[in-house]
Amino acid sequence: MAKLTYFSHSAWMIETNGTTILIDPFLDDNPTSPVKSKDVKADYIIITHAHGDHIGDSIPIAKANNAMIITNFEIANWCGEQGVTVHPLHIGGAHDFPFGKVKLTQAFHGSSFPDGSYGGMPAGVLVTVEGKTVFHSGDTGLFGDMKLIGEMNPIDVAMIPIGDNFTMGLDDAVKAVEFLNPKKVIPMHYKTFDVIDVDPNEFVSRVKNLGVEALVLEYGGSIEF
Ligand code: NI
Ligand code: MN
């Protein structure tokens with residue numbers, strides 16, 4: 001069994017067969033994270049897009065742990081220039097790593113770095129470990145091809161934003177679940193800032209009406225999958 005842990009916002013950790021993978025580790029400047037960058041270990045770090053609340057502490061964590069960063073070509077170049085080991089991917093592309101498969105999907109959002117420089121296309125990510133697939137949609141609005149992503153890549157656990165304002169809000173996120181058709185869904189990207197203060201329990205009860213299992217993970221909480 002692999003383990004999935006939520007650090008709040010869009011920051012997650014997957015542990016599988018002794019390998020630790022972080023996704024969007026925004027920890028030190030994240031008021032809701034129960035852990036800070038010095039507390040976490042990582043072998044790989046996946047970054048969905050260049051915004052500060054997703055790149056977060058990727059560089060110091062990668063340096064402290066000699067971890068490889070997996071992200072789009074533009075962000076990979078930026079990280080590589082800072083002396084970090086990288087593996088560039090791009091939208092639609094997958095690669096087999098020693099721990100499993102990583103595939104980037106499209107996301108409708110921005111991806112500039114905090115200084116305004118270009119960070120390529122924003123992405124979602126499908127991570128397949130131990131025969132199970134986790135989908136982290138990144139920051140995105142609703143789009144119809146989520147149906148295609150779900151059809152082509154059966155999803156065991158989906159993590160999608162519900163906070164509105166910068167991403168899907170409740171109505172669109174519920175429709176996204178219908179499109180993606182995951183076995184289980186966990187909301188993310190809410191409450192971190194005042195402007196995305198949405199109630200995740202409302203999302204869960206509306207998704208349950210679709211017949212899909214949904215749960216709210218506490219900050220620091222985990223599930224096995
Ligand atoms: Ni963003
Ligand atoms: Mn964000």
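Throughout, numbering of the chain's residues begins at 1 and tracks the sequence.
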Is there side-chain contact between Leu22 and Phe7, with at least one heavy-atom pair below 4.5 Å? yes
Considering only heavy atoms from C-beta outward, does the side chain of Glu15 approach that of Lys41 to under 4.5 Å? no
Determine whether a donor-acceptor pair (N or O, by modelled atom type, separation under 3.5 Å) exists between the side chain of Asn181 and the backbone of Gly150. no
Enumerate the side chain to side chain donor-acceptor pair (under 3.5 Å) contacts for residues 82-102, please, sequence neighbours excluded, ordered by first and then second residue. Glu74-His90
Closest non-hydrogen atom pair between Ser222 and Lys3, with its separation: OG-CE, 3.4 Å
What one should report as the nearest heavy-atom pair of Gly110 and Pro122 is O-CB, 3.4 Å
Quick one: CD on Gln106 to CG on Asp145, what's the gap to the nearest 0.5 Å? 5.5 Å
Evaluate the side-chain proximity of Ile223 to Lys184: yes if any heavy-atom separation is below 4.5 Å, no if none is. yes
Are Ser8 and Asn30 linked by a side-chain donor-acceptor pair shorter than 3.5 Å? yes
For atom CD of Glu224, decide whether the heavy atoms of other residues, nucleotides or ligands shown that lie under 6.0 angstrom number more than 12. yes
Only one of Ser111, Ser58, Pro88 passes side-chain contact (heavy atoms from CB on, under 4.5 Å) with Ile75, and that residue is Ser111
Which heavy atom of Phe26 sits nearest a heavy atom of Asp53, and at what distance? CB-O, 3.1 Å
Considering all heavy atoms of both residues, which atom of Ile186 and which atom of Leu4 are nearest to each other, and what is their separation? CD1-CD2, 4.1 Å
Tell me whether Ile47 shares a hydrophobic cluster with Phe135, the cluster being built from Ile, Leu, Val, Met, Phe, Trp, Tyr side chains joined at under 4.5 Å. no
Count the heavy atoms of every other residue, nucleotide or ligand shown that sit under 6.0 Å from NZ of Lys36, and state whether that count exceeds 12. yes
Are Thr19 and Pro98 close enough that some pair of their side-chain heavy atoms sits under 4.5 Å apart? no
Would you say Leu27 and Ile23 are hydrophobically clustered, going by side-chain heavy atoms of ILVMFWY under 4.5 Å? no
Assert yes or no for the condition that the ring centre distance of His109 to Phe143 is strictly below 6.0 Å. no
So, do Val157 and Pro182 sit near enough that their side-chain heavy atoms are less than 4.5 Å apart? no
Which distance, rounded to the nearest 0.5 Å, do you find between the CD1 of Ile46 and the OG1 of Thr71? 9.0 Å
Asp24-Thr48 side chain donor-acceptor pair, cut-off 3.5 Å: yes
Do Leu217 and Met159 sit in the same hydrophobic cluster, where Ile, Leu, Val, Met, Phe, Trp and Tyr count as joined when their side-chain heavy atoms come under 4.5 Å apart? yes
Classify the ring geometry between Trp12 and His136 as parallel (under 30°), tilted (30 to 60°) or perpendicular (over 60°). perpendicular
Give the ring-plane orientation class for Tyr219 versus Tyr6, where under 30° counts as parallel, over 60° as perpendicular and anything between as tilted. perpendicular
If you apply the rule side chain to side chain contact (heavy atoms under 4.5 Å, CB included), what do you find for Ile196 with His9, and how did you get there? CA-CA 10 Å; Ile196 59 171; His9 204 58; 4.0 Å; yes
Between Ala173 and Ile162 the two heavy atoms that sit nearest each other are CB-CG2, 3.8 Å
Check whether any side-chain N or O of Asp156 sits under 3.5 Å from a backbone N or O of Thr133 as a donor-acceptor pair, and report yes or no. yes
Within the structure provided, determine whether Val134 and Phe225 are in side-chain contact (heavy-atom separation under 4.5 Å). yes
Under the salt bridge (charged side-chain N to carboxylate O under 4.0 Å, His left out) test, residues paired with Lys38 that sit two or more places apart: none
Side chains of His51 and Asp139: any donor to acceptor distance under 3.5 Å? no
Side chain to side chain contact (heavy atoms under 4.5 Å, CB included) assessment of Met13 paired with Val40: CA-CA 9 Å; Met13 175 171 68; Val40 294; 5.5 Å; no
If you count heavy atoms of other groups shown closer than 6.0 angstrom to NZ of Lys175, is the number above 12? no
From Met168 atom CE to Thr140 atom OG1, the distance as rounded to the nearest 0.5 Å: 6.0 Å
From CZ (Phe179) to CD (Glu151), nearest 0.5 Å: 10.5 Å
Nearest heavy-atom neighbours spanning Ile14 and Val127: CD1-CG1, 4.0 Å
Does Met146 share a hydrophobic cluster with Phe203, counting links as ILVMFWY side-chain heavy atoms below 4.5 Å and allowing steps through other members? yes
With side chain to side chain donor-acceptor pair (under 3.5 Å) as the criterion, how do Asp28 and Ser37 come out once you've worked through the C-alpha distance, each side chain's angles and the decisive distance to 0.1 Å? CA-CA 6 Å; Asp28 290 353; Ser37 60; 2.7 Å; yes
When hydrophobic residues are tied together by side-chain contacts of less than 4.5 Å, even through go-betweens, does Ile61 share a cluster with Val35? yes
Can you tell me if Asp194 has over 12 outside heavy atoms packed within less than 6.0 Å of its CG? no
For Ile59 and Trp78, run side chain to side chain contact (heavy atoms under 4.5 Å, CB included): C-alpha distance rounded to whole Å, both residues' side-chain angles, the deciding distance at 0.1 Å, then the answer. CA-CA 10 Å; Ile59 296 292; Trp78 183 88; 3.9 Å; yes
Going from CE on Met121 to CG on Asn72, what distance comes out if it is rounded to the nearest 0.5 angstrom? 9.5 Å
Which value, rounded to the nearest 0.5 Å, describes the distance between Thr167 atom OG1 and Tyr190 atom OH? 12.5 Å
Sole candidate of Asp197, Asp199, Asp164 that passes salt bridge (Lys or Arg N to Asp or Glu O under 4.0 Å) when paired with Lys191: Asp197
Is the CZ atom of Phe97 crowded by more than 12 outside heavy atoms at less than 6.0 Å? yes
